[in-house]
Amino acid sequence: MLFPEFQTVELAPGALLLRGAAEACATDLLSQIEGVIMVSPLRTVVTPMGKSMSVEMTNCGDVGWVSDRTGYRYETIDPLTNLSWPAIPALFAQLANGVAAQAGFPEFHPDACLINRYAMGSKMGLHQDRDEQDFAQPIVSVSLGLPITFNFGGGTRTSPTTKTQLRHGDVVVFGGQSRLAFHGVGTLRRGQHSLTGPYRFNLTFRRAG
Ligand code: MD3
Ligand code: FE
């Protein structure tokens, strides 16, 4: 069964957490991630501010999210390899479409999947995801491996934030009012996970174009 029973929690209007929804397929997701990384390796990117991000990234899909001194954008060619990004694996698409439909977005067809890898000490500060064309399209997030504290804010950088633990197998659909909410994650603590070792992976499925 692709989606066994799981608990659903509305974190905020438009943000639906499906606890453990990806747990049953986690091993397969991780082996597909390995395959993507063989074509488009994980890399450290710099922000337009010139700071290196502590999270390593790569992408699969028609386009991938890139950051450098000149800004953030989606690109059809991986700047590291000068090749197309690998295609979104069928299992990824099946999971993203299935959970998006469950959350009320049956028309969601992602063209980008950003893969983030967190090692001990990696974090991601509060930001909005606004490099996509259509904010009516949700973003689907899948967490694998070590847990992390997710900070979820509101429409402005100074809106109050709530903290939620994102654990192995958790899936969150961010649509509606939550689509442009400020969000980030705390520092990954040292740990060992049976499937990912010292790491946490996060997949975010997006409709960029
Ligand atoms: C809320 N990733 O890749 S996942 C990101 O754990 C990102 O790697 C974090 O923020 C991570 O941009 C957080 C949860 C998440 C992802 C995208 C969102 C929450 C979101 C987009 C809009 C609103
Ligand atoms: Fe984000």
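Just follow the structure's listing: the first ligand is 1, and inside any ligand the first atom is 1.
Neither the backbone nor the side chain of Gln128 comes within 4.0 Å of ligand 1, counting heavy atoms alone. Heavy atoms of Leu114 found under 4.0 angstrom from ligand 1 belong exclusively to the side chain.
Not a single heavy atom of Val172 sits under 4.0 Å from any atom of ligand 1. At least one heavy atom of Arg206 lies less than 4.0 angstrom from ligand 1. Taking a 4.0 Å cut-off on heavy atoms, His127 registers as neighbouring ligand 1.
Between Pro79 and Val66, the closest side-chain pair of non-hydrogen atoms falls below 4.5 Å. Side chains of Phe150 and His183 form a contact here, defined as non-hydrogen atoms less than 4.5 Å apart. Ile148 places a side-chain heavy atom less than 4.5 Å from the side chain of Tyr118. Taking the side chain as every heavy atom from C-beta outward, Leu203 and Ile33 approach each other to under 4.5 Å. Considering only heavy atoms from C-beta on, Glu56 stays 4.5 Å or farther from Asn116 through its side chain.
Regarding atom 7 (C) of ligand 1, its nearest protein heavy-atom neighbour is Met124 SD, 3.6 Å. With respect to atom 15 (C) of ligand 1, the closest heavy atom belonging to the protein is Phe174 CE1, 3.4 Å. Residue, atom and distance of the protein heavy atom nearest to atom 22 (C) of ligand 1 are Arg179 O, 3.2 Å. Looking only at heavy atoms of the protein, atom 16 (C) of ligand 1 is closest to Thr204 CG2, 3.7 Å. Of the protein's heavy atoms, Val185 CG1, 4.0 Å lies nearest to atom 13 (C) of ligand 1.
For Arg130 and Glu132, the salt-bridge test fails: no basic side-chain N is under 4.0 Å from an acidic carboxylate O. Between Asp129 and Arg179, none of the side-chain N atoms (NZ, or NE/NH1/NH2) sits under 4.0 Å from a carboxylate O, so this pair counts as no salt bridge.
Of the listed options Trp65, Phe150, Tyr118, Tyr118 places a heavy atom closest to atom 9 (C) of ligand 1.
Contact atoms of ligand 1 toward Asn202: 2 (N), 4 (S), 6 (O), 8 (O), 11 (C) (distance under 4.0 Å to a heavy atom of the residue). Near Arg200, meaning under 4.0 Å from one of its heavy atoms, ligand 1 places the atoms 6 (O), 8 (O), 11 (C). With ligand atoms numbered from 1 in the order given, ligand 1 contributes 17 (C), 21 (C) to contacts under 4.0 Å with heavy atoms of Ile139. Numbered from 1 in the order shown, with element, the atoms of ligand 1 that lie under 4.0 Å from a heavy atom of Ser141 read 4 (S), 14 (C).
Proximity of a side-chain donor or acceptor of Arg69 to a complementary backbone N or O of Met49 within less than 3.5 Å is not detected.
Note: Phe174 and Phe135 fail the aromatic proximity criterion, with ring centroids not under 6.0 Å apart.
When only modelled atom types and interatomic distance are considered, Asp78 and Ser40 share a side-chain donor-acceptor pair under 3.5 Å. Between the side chains of Ser143 and Arg200, a donor-acceptor pair is found at a separation under 3.5 Å.
Our summary of the site lists the angle at the Fe ion (ligand 2) between NE2 of His127 and OD1 of Asp129 as 80°, to the nearest 10 degrees.
Within His183, NE2 is the N, O or S atom that lies nearest to the Fe ion (ligand 2).
Inclusion of Ser178 in the set of residues having an N or O under 3.5 Å from an N or O of ligand 1 is not warranted.
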